[in-house]
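Okay, so here's the structure we're looking at.
Computation of the quantities below employed the complete heavy-atom set of this structure, encompassing side-chain atoms and omitting hydrogens, waters and symmetry-equivalent molecules.
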Amino acid sequence: MRPSSLAVIGLGAIGGSLAWQARRAGVPRVVGFSPSRADGIEALRASAITELADSAPRATRDAELVVLAAPARDTLELIGRLQPSLASGAILTDVCSVKGPVLAIANAAGLGDRFAGGHPLAGTHASGFTAARPDRLRGCVVYVCETGAPGGDQAARAVMNFWEQVLEAQPVLIEASAHDRQLAWTSHLPQAVASALAKALGDRGLAGVSFGPGARDTTRLAASSPEMWLDILLYNRDPVIEALDAAEASLGELRRLVAAGDAVGLRRYLAVAQRFREGLDR
């Protein structure tokens, strides 16, 4: 799918990058809308969009493909609100980190045959259009989920084709429930742990100069938008709790080894962690 008219609702790090890359790939009309006027103006100045709409419904008029690049709660609200303004045959997709609730709302709104969930693994702790890049999405893995409604498979194929052919990404079809369980471990847990660590360090009241690269690297994700992560953690509550329980148990094991002065066990624990982390870069 190579739309002649694309609408992007939300012009932050992901939405702004998607619009920008689509323009550079030759999509002739990219209409953007952002609740942040500053983001919209910056996107227009950068030629990431060809038009800046003053509302989300107006941005979607005549668009062949509409991408919702908003936080989860806003995305759920937008699906129903935009349904009347979608052009005949237009396809709707999103970029949320949680898929189950999004697909449920799309089906409830009668858009099951015109919607496919999307989630590019290209996030950053930074937000706003200043974090957008015209190549941020190139080569990234993008999970795509079918609604399960009749015709939903065709919408998913169109969205996958758009990601692959226009944005040069790598789409992967996955069930929504499997996506949410997996992301609870690979994305939501790291975010939660970084936030917990940042809060613990902050509560200690040490001066900023006390923290070297280790503390800064491990707490980077804690600088992410609280509003965005509030929605994600709550909408994916059960899988996130399971992952948090496992992390708590692992931290408890580490505490016991240190308290016992168990050098052998502690070395083994640290070596297992080291091997896993090194394996991520291979």
**OP:** Verify, without hydrogens or angle tests, whether Ser210 (side chain) and Leu206 (backbone) share a donor-acceptor contact under 3.5 angstrom.
**Re:** no
Original post:
Transitively linked via ILVMFWY side-chain contacts under 4.5 Å: Leu44 with Trp20?
Top reply: no
**OP:** Evaluate the criterion side chain to side chain contact (heavy atoms under 4.5 Å, CB included) for residue pair Val144 and Ile174; output intermediate values, then yes/no.
**Re:** CA-CA 6 Å; Val144 176; Ile174 187 173; over 6 Å; no
Subject >> Residues, nucleotides or ligands: over 12 heavy atoms within 6.0 Å of Arg2 CZ >> reply: yes
Original post:
If you look at every heavy atom in Ala69 and Gly15, which pair is closest and at what distance?
Top reply: CB-CA, 3.5 Å
Subject >> side chain to side chain contact (heavy atoms under 4.5 Å, CB included) partners for Glu227, two or more places apart >> reply: Ser225
Subject >> All pairs passing side chain to side chain donor-acceptor pair (under 3.5 Å) where residues 128-144 contributes a residue, at least two apart >> reply: Arg138-Glu168, Tyr143-Gln182
**OP:** Using the side chain to side chain contact (heavy atoms under 4.5 Å, CB included) rule, take Leu234 and Trp229 through it: C-alpha gap first, then chi angles, then the decisive distance, then the call.
**Re:** CA-CA 8 Å; Leu234 292 181; Trp229 280 101; over 6 Å; no
In a table with atom names and distances, give each donor-acceptor pair under 3.5 Å that connects a side chain of residues 239-251 to protein atoms at least two apart or in another chain.
residue	atom	partner	partner atom	Å
Ser250	OG	Tyr269	OH	2.9

Subject >> Asp231 (side chain) donor-acceptor with Arg73 (main chain) under 3.5 angstrom >> reply: yes
Original post:
Is the shortest heavy-atom distance from the side chain of Leu221 to the side chain of Pro190 under 4.5 Å?
Top reply: yes
**OP:** Would you give the length of the straight line joining atom CG of Leu183 to atom CD of Gln191, rounded to the nearest 0.5 angstrom?
**Re:** 12.5 Å
Original post:
For the residue pair Phe211 and Arg216, what are the closest heavy atoms and their distance?
Top reply: O-NE, 3.2 Å
Original post:
Around Gln83, counting heavy atoms of other residues, nucleotides and ligands shown, do more than 12 lie under 6.0 Å from its CD?
Top reply: yes
Original post:
Does some side-chain heavy atom of Trp163 sit less than 4.5 Å from a side-chain heavy atom of Pro120?
Top reply: yes
Subject >> Shortest non-hydrogen separation from Gly118 to Lys99 and the atoms involved >> reply: O-NZ, 3.0 Å
Subject >> Charged N-O contact under 4.0 Å between Arg45 and Glu42 >> reply: yes
Original post:
Quick one: do the Ser17 and Gln21 side chains pair a donor with an acceptor below 3.5 Å?
Top reply: no
Subject >> Check: Ala70 main-chain N/O paired with Thr75 side-chain donor or acceptor under 3.5 Å >> reply: yes
Subject >> Set of residues satisfying side chain to side chain contact (heavy atoms under 4.5 Å, CB included) with respect to Ala106, sequence neighbours excluded >> reply: Ile79, Phe115
Original post:
Are the side chain of Thr219 and the backbone N or O of Ala222 linked by a donor-acceptor pair below 3.5 Å?
Top reply: no
Original post:
Any side-chain heavy atom of Thr50 within less than 4.5 Å of one from Arg23?
Top reply: yes
**OP:** State yes or no: do Val66 and Leu78 share one hydrophobic cluster built from I, L, V, M, F, W and Y residues joined by side-chain heavy-atom distances below 4.5 Å, directly or via other members?
**Re:** yes
Original post:
Got a sec, which pairs hit salt bridge (Lys or Arg N to Asp or Glu O under 4.0 Å) with one end in residues 179-188, sequence neighbours left out?
Top reply: none
Original post:
Is the shortest heavy-atom distance from the side chain of Leu76 to the side chain of Tyr235 under 4.5 Å?
Top reply: yes
Original post:
Which value, rounded to the nearest 0.5 Å, describes the distance between Cys96 atom SG and His119 atom NE2?
Top reply: 8.5 Å
Original post:
What pairs with Ser187 under side chain to side chain donor-acceptor pair (under 3.5 Å), at least two apart in sequence or on another chain?
Top reply: none
Subject >> Heavy-atom pair with the smallest gap, counting every atom of Ala132 and Gly12 >> reply: CB-O, 3.8 Å
Original post:
Tell me, do Leu11 and Ser36 make a side-chain contact under 4.5 Å, heavy atoms counted?
Top reply: no
Subject >> Shared hydrophobic cluster for Met160 and Val27 (ILVMFWY, side-chain gaps under 4.5 Å) >> reply: yes
Subject >> Side-chain heavy atoms of Cys140 within contact of Gln170, under 4.5 Å >> reply: no
Original post:
Of the non-hydrogen atoms in Leu173 and Ala156, which two are nearest, and what is the gap between them?
Top reply: CD1-CB, 4.3 Å
**OP:** Starting at CD of Glu146, measure out to CG of Asp113 and round the result to the nearest 0.5 Å.
**Re:** 12.5 Å
Original post:
How far apart are the closest heavy atoms of Ala122 and Leu137, and which atoms are they?
Top reply: CB-CD2, 3.8 Å
**OP:** Evaluate the side-chain proximity of Leu266 to Val258: yes if any heavy-atom separation is below 4.5 Å, no if none is.
**Re:** yes
Original post:
Does CZ in Arg81 sit with more than 12 non-hydrogen atoms of other residues, nucleotides or ligands closer than 6.0 Å?
Top reply: yes
Original post:
Could you give the distance from CD (Glu64) to CZ (Arg29), rounded to the nearest 0.5 Å?
Top reply: 10.0 Å
Original post:
Looking at side-chain heavy atoms only, is the closest gap between Val264 and Arg268 below 4.5 Å?
Top reply: yes
Original post:
Same cluster for Trp185 and Leu233 if Ile/Leu/Val/Met/Phe/Trp/Tyr side chains link at under 4.5 Å?
Top reply: yes
Original post:
Atom CG of Leu254 and atom CG of Leu270: how far apart are they, to the nearest 0.5 Å?
Top reply: 7.0 Å
**OP:** Evaluate the side chain to side chain contact (heavy atoms under 4.5 Å, CB included) criterion for residues His188 and Ser97: first the C-alpha distance (whole Å), next the side-chain angles of each, then the deciding distance (0.1 Å), finally the verdict.
**Re:** CA-CA 9 Å; His188 308 165; Ser97 183; 2.7 Å; yes
**OP:** Assess whether side chain to side chain contact (heavy atoms under 4.5 Å, CB included) is satisfied between Arg267 and Asp262, documenting all intermediate values.
**Re:** CA-CA 8 Å; Arg267 182 180 292 108; Asp262 184 351; over 6 Å; no
Original post:
Measuring from Ile49:CD1 to Ile41:CD1, what's the distance to the nearest 0.5 Å?
Top reply: 10.0 Å
Original post:
Are Leu6 and Leu111 co-members of a hydrophobic cluster defined by side-chain heavy atoms under 4.5 Å apart?
Top reply: no
